[in-house]
Amino acid sequence: QVQLVESGGGLVQAGGSLRLSCVVSGNTQSIRLNAFGWYRQAPGKQRELVANLRSDESTTYADSVKGRFTISSAKNWDTFYLQMNRMKPEDTAVYSCRADVTKQTGPDPWQKTNLEVWGQGTQVTVAS
């Protein structure tokens, strides 16, 4: 099994910065990471994509965070980060990381399955 564990959430004043981390652990030798994303869900709202990083190193950002947030990874893709700058009260939410992986399920090349793996979430609160 592969697990994602987030850290770095907390309380910050508007205009401040936080960096979230997401560590990939477990049986990572049996998987291929295809994409990684940070999502958030504010009270009473649907979960939304904040930023996405793909295996070709291309990125996607929500319009609301462009120019303020940056997604990145460690060189060996075992840890992912979300650097959040110039934060706003509307950034307050539970932030979760997600990995899209392909898992080898047998010895033959076609024996594989695609999975989504989620972290447990971390609370980020931005005070005005």
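Here the structure is a predicted model, which is why all the values come from computation and not from measurement.
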Exercise for the section: Evaluate the side-chain contact (heavy atoms from CB on, under 4.5 Å) criterion for residues T102 and I31: first the C-alpha distance (whole Å), next the side-chain angles of each, then the deciding distance (0.1 Å), finally the verdict. Expected result: CA-CA 5 Å; T102 298; I31 66 167; over 6 Å; no
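- No hydrogens or angles considered: a donor-acceptor pair under 3.5 Å links the side chains of N85 and S17.
- Under the side chain to side chain donor-acceptor pair (under 3.5 Å) criterion, the residue pairs touching residues 43-52 are R40-E48, N52-R54, with sequence neighbours excluded.
- Here the closest non-hydrogen pair linking L49 and A51 is CD1-O, 3.4 Å.
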Practice task
Could you give me the CA-CA distance, side-chain angles and deciding distance for W118 and L4, then say whether side-chain contact (heavy atoms from CB on, under 4.5 Å) is met?
Solution key: CA-CA 6 Å; W118 287 87; L4 303 180; 5.7 Å; no
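- In the hydrophobic clustering of this structure, Y39 does not group with V65; members are Ile, Leu, Val, Met, Phe, Trp, Tyr whose side-chain heavy atoms approach within less than 4.5 Å, directly or through other members.
- More than 12 heavy atoms of other shown residues, nucleotides or ligands fall within 6.0 angstrom of atom CD in Q111.
- Using a 4.0 Å cut-off between charged side-chain N and carboxylate O, K66 and D63 make a salt bridge.
- Hydrophobic cluster membership differs between L20 and V94, with clusters built from Ile, Leu, Val, Met, Phe, Trp and Tyr side chains linked at under 4.5 angstrom.
- Atom CG of D100 is separated from atom CG of N114 by 8.5 Å, given to the nearest 0.5 angstrom.
- Separation of the F80 and W38 ring centroids does not fall under the 6.0 Å cut-off.
- In this structure, V124 and T92 have side chains that are not in contact, with every pair of non-hydrogen atoms separated by 4.5 Å or more.
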Exercise for the section: Take R68 and K88 through the test side-chain contact (heavy atoms from CB on, under 4.5 Å) and record every step on the way to the result. Expected result: CA-CA 10 Å; R68 300 188 298 122; K88 305 175 181 180; 3.8 Å; yes
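- Judged by distance alone, the side chain of D56 and the main-chain N or O of S58 form a donor-acceptor pair under 3.5 Å.
- Side-chain atoms of T125 and V12, non-hydrogen and from C-beta on, never get closer than 4.5 Å to each other.
- To the nearest 0.5 Å, atoms CG (D91) and CZ (R86) are separated by 10.5 Å.
- The hydrophobic clustering, which links ILVMFWY residues whose side-chain heavy atoms are closer than 4.5 Å, places M84 and Y61 together.
- Annotation: the span from R19 atom CZ to L82 atom CG amounts to 10.5 Å, rounded to 0.5 Å.
- When atom types are taken as modelled, the side chain of R98 and the backbone of A35 share no donor-acceptor pair closer than 3.5 angstrom.
- At least one donor-acceptor pair under 3.5 Å links the side chain of E6 to the backbone N or O of G121.
- Note that SG of C22 is 8.0 Å distant from CD of Q120, once rounded to the nearest 0.5 Å.
- The CG atom of L11 sits 8.5 Å away from atom CG of L18, with the distance rounded to the nearest 0.5 Å.
- Contact annotation: the side chain of S73 approaches that of L53 to within less than 4.5 Å [non-hydrogen atoms, C-beta and beyond].
- Closest of all the heavy-atom pairs between A14 and S128 is CB-CA, 4.3 Å.
- Taking 4.5 Å as the limit, some side-chain heavy atom of I71 sits within range of a side-chain heavy atom of F36.
- Hydrophobic clustering keeps V24 apart from V5 (ILVMFWY residues linked when any side-chain heavy atoms are closer than 4.5 Å, directly or through intermediates).
- For the pair V50/Y95, a side-chain contact is recorded, criterion being any heavy-atom separation below 4.5 Å from C-beta on.
- Residues K103 and K112 are not in side-chain contact: their nearest non-hydrogen atoms beyond the backbone lie 4.5 Å or more apart.
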